[in-house]
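What follows is one structure encoded as structure tokens, with my remarks underneath.
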Amino acid sequence: MKKSTKTHCKVPNVFPSMSAIIAGFEPQRFVWRMSFALTSVPRYFIAYLQLQRLLNRSHIAYRDFYRWVQLINSLIHTVELTFLLQLTYISSNENKRMHEYGFIGFTLCSLIHMLGTILIDYYWPRTKKICLNERERACRRKRLKWFLCNFVSLTISSYFFYRHNRFCEPFIYSAYCLCEYFVILTNIGYHSIIRDEWDQTDGQVLLMGKSGGGKTSMRSIIFANYSAKDTRRLGATMDVEQSYVRFLGNLILNLWDCGGQEAFMESYFATQKDNIFKNVEVLIYVFDVQSQEIDKDLHYYQSCLESILQHSSNAKIFCLIHKMDLIPEEMRTAIFAEREDILRDLSKPLQCACFRTSIWDETLYKAWSQIVYQLVPNVKGLEKTLENFAEIIDADEILLFEKATFLVISHCTRKEHHDTRRFEKISDIIKQFKLSCSKLAAAFQSMEVRNSTFACFIELCTPNTYVMVVISDPTISSEVTLMNIRNARKVFEKLEKDGVRS
């Protein structure tokens, strides 16, 4: 103990420094360096994965500049890890100056990286105002707390280190060592938050099907604001492409887009089964209606169902018969009905919902609206509120759309309409109009359409939803309807927040 607390001042101390504990004695030095060697490569790999996760955020403004800022911040973190490597393998006994440079570089890079991450998280402009869910708010609070604790510990330790070298007072070096322990612990605590950030098992959506079936195209149209024409430049998905899609502002969909090449499909069922099919809430299987290998497609689908039964038996199953636009119109109903019967029989004992889809019409929105409906929290309360609202304002119909995707998440109809596909058509039309606005650097905010038989209003309802109100009573003025929509916003915002807590 006396040897580990010895300093150049030759004054009494009770706590040794971390360097003295680890590097000054054997076998501690060998154990520590071996342990660090085993974990050093995973540290760099985790830093890379975190960078990719941050770059995949879809609601960020100034994306090119944001990409460069995140790359620089990640580079600083990589340098921080390299300095930690340096001070681990070069002890103060072996080369005091190099060890000191390593410690100074590590602490400075650590502070800059932590502060940069917090500033970006709190203050970087967003393309839309979003509500954080409870997990995200907790991670943000923890990150700020650990950073402040680390900064305070480092400041106090620097003060004691200065006093120790300047005045050589008894036990001051021990105070410095104690603060050094807190610096290390708070740094570990800060970086441990990544475990909570990556814990996204809620709302896991598995998107599977044969290569070239159109999985990535439909995902890009719905969630990444691609037009059907833009999807032509998308390449094939290799292995599993995982993305976290924000829906309704606070609902995180863990979307796994699985490459459909034969080698990958075999791998999913042989070696990755436990990883891919665990905690699945929704399985979306895409069938190419023009596939020449129907038997093989059905074989892979059945293998998926067996894995789902084993690992996620409560999952909802959706089958999309895709690329229906390539089939002559007069044959589409018969072909779809035939495929639907086959899939429903094959899916037993699970229940399977089938949809015919194409990226060139509104059928894609109908299918995905039904899918996300299964994941919307508190949806029954939402429907009841819409019914009450429609009755109060004497509306024929009210639709609630998710803001980013414009998928219909709930509706109330008090007057029957002959067009049963109107919801999907409206989603498609408004989404295309929004894309046209964005190309002109304009933002879609609201819309009013009026003729001799009805009036239609599309207005922002909550930060994450739009509402469409259809009224046929000519005595109700636009001003009254818009005032009612504004007054209803607080009710819908409360429902949205209750859904987050539940």
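All values reported here derive from a predicted model rather than from experimental measurement. Just so you know, these numbers use all the heavy atoms, side chains as well, and skip hydrogens, waters and symmetry mates.
Between Ser40 and Leu81 the shortest side-chain heavy-atom distance does not fall below 4.5 Å. Using a 4.5 Å heavy-atom threshold, the side chains of Val280 and His311 count as separate. In this structure, the side chains of Ile118 and Arg140 stay at 4.5 Å or more apart for every pair of heavy atoms. Residues Tyr173 and Val11 form no side-chain contact, since every pair of their non-hydrogen atoms from C-beta on lies 4.5 Å or further apart. For the pair Met468/Ile398, no side-chain contact is recorded, criterion being any heavy-atom separation below 4.5 Å from C-beta on.
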Step by step, would you call Phe83 with Tyr101 a ring pair (Phe, Tyr, Trp, His ring centres under 6.0 Å)?
CA-CA 8 Å; Phe83 276 124; Tyr101 287 159; 9.3 Å; no

Quick one: do Phe65 and Trp124 satisfy ring pair (Phe, Tyr, Trp, His ring centres under 6.0 Å)? Show the steps, please.
CA-CA 11 Å; Phe65 187 41; Trp124 193 275; 5.5 Å; yes

Starting from the C-alpha separation in whole Å, work towards a yes-or-no answer on side-chain hydrogen bond (donor to acceptor under 3.5 Å, both in side chains) for Ser303 and Glu306.
CA-CA 5 Å; Ser303 299; Glu306 291 171 0; 4.9 Å; no

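A donor-acceptor pair is defined here as one N or O able to donate and one able to accept, closer than 3.5 Å; such a pair exists between the side chain of Gln86 and the backbone of Met98. A donor-acceptor pair under 3.5 Å links the side-chain atoms of Ser157 to the main chain of Leu154, judged by distance alone. Using a distance-only test at 3.5 Å, with no hydrogens or angles considered, a donor-acceptor pair links the side chain of Asn165 to the main chain of Phe161. In this structure, Asn150 contributes its side chain and Val183 its backbone to a donor-acceptor pair below 3.5 Å. Here the side chain of Glu169 pairs no donor or acceptor atom with the backbone of Ile172 at under 3.5 angstrom. A donor-acceptor pair is defined here as one N or O able to donate and one able to accept, closer than 3.5 Å; such a pair exists between the side chain of Ser192 and the backbone of Gly189. Checking side-chain atoms of Ser174 against main-chain N and O of Val14 turns up a donor-acceptor pair under 3.5 Å. Side-chain atoms of Thr357 do not come within 3.5 Å of backbone N or O of Leu364 as any donor-acceptor pair. In terms of modelled atom types and a separation under 3.5 Å, the side chain of Arg489 and the main chain of Leu460 share a donor-acceptor contact. The main-chain N or O of Leu407 is never found under 3.5 Å from a side-chain atom of Ser427 such that the two would form a donor-acceptor pair.
Within a 6.0 Å radius of OH in Tyr373, other residues, nucleotides and ligands contribute more than 12 heavy atoms.
A perpendicular orientation is assigned to the rings of Tyr181 and Phe15, their planes being inclined by more than 60° (bins at 30° and 60°). The aromatic rings of His191 and His113 sit parallel to each other, their planes meeting at less than 30°, with 60° as the upper class boundary.
For Phe147 and Tyr190, the ring centers sit 6.0 Å or farther from each other. You'll find the ring centres of His164 and Tyr176 outside the 6.0 Å limit. Taking the six-membered ring for Trp and the full ring otherwise, the centers of Tyr285 and Phe318 sit at least 6.0 Å from each other.
In this model, no donor atom of one side chain and acceptor atom of the other lie less than 3.5 Å apart for Ser307 and Gln310. At a cut-off of 3.5 Å, with distance as the only test, a side-chain donor of Thr465 or Thr462 sits close to an acceptor on the other residue.
We find that Glu281 and Lys316 are not joined by a salt bridge, their nearest charged nitrogen and carboxylate oxygen being 4.0 Å or further apart.
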Could you tabulate the donor-acceptor pairs under 3.5 Å formed by side-chain atoms of residues 41-48, not counting sequence neighbours?
residue: Tyr44; atom: OH; partner: Thr82; partner atom: N; Å: 3.4
residue: Tyr44; atom: OH; partner: Thr82; partner atom: OG1; Å: 3.1

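With sequence neighbours left out, the side-chain contact (heavy atoms from CB on, under 4.5 Å) criterion links Leu108 to Ile104. Applying the side-chain hydrogen bond (donor to acceptor under 3.5 Å, both in side chains) criterion to Lys142, with sequence neighbours excluded, gives Asp196.
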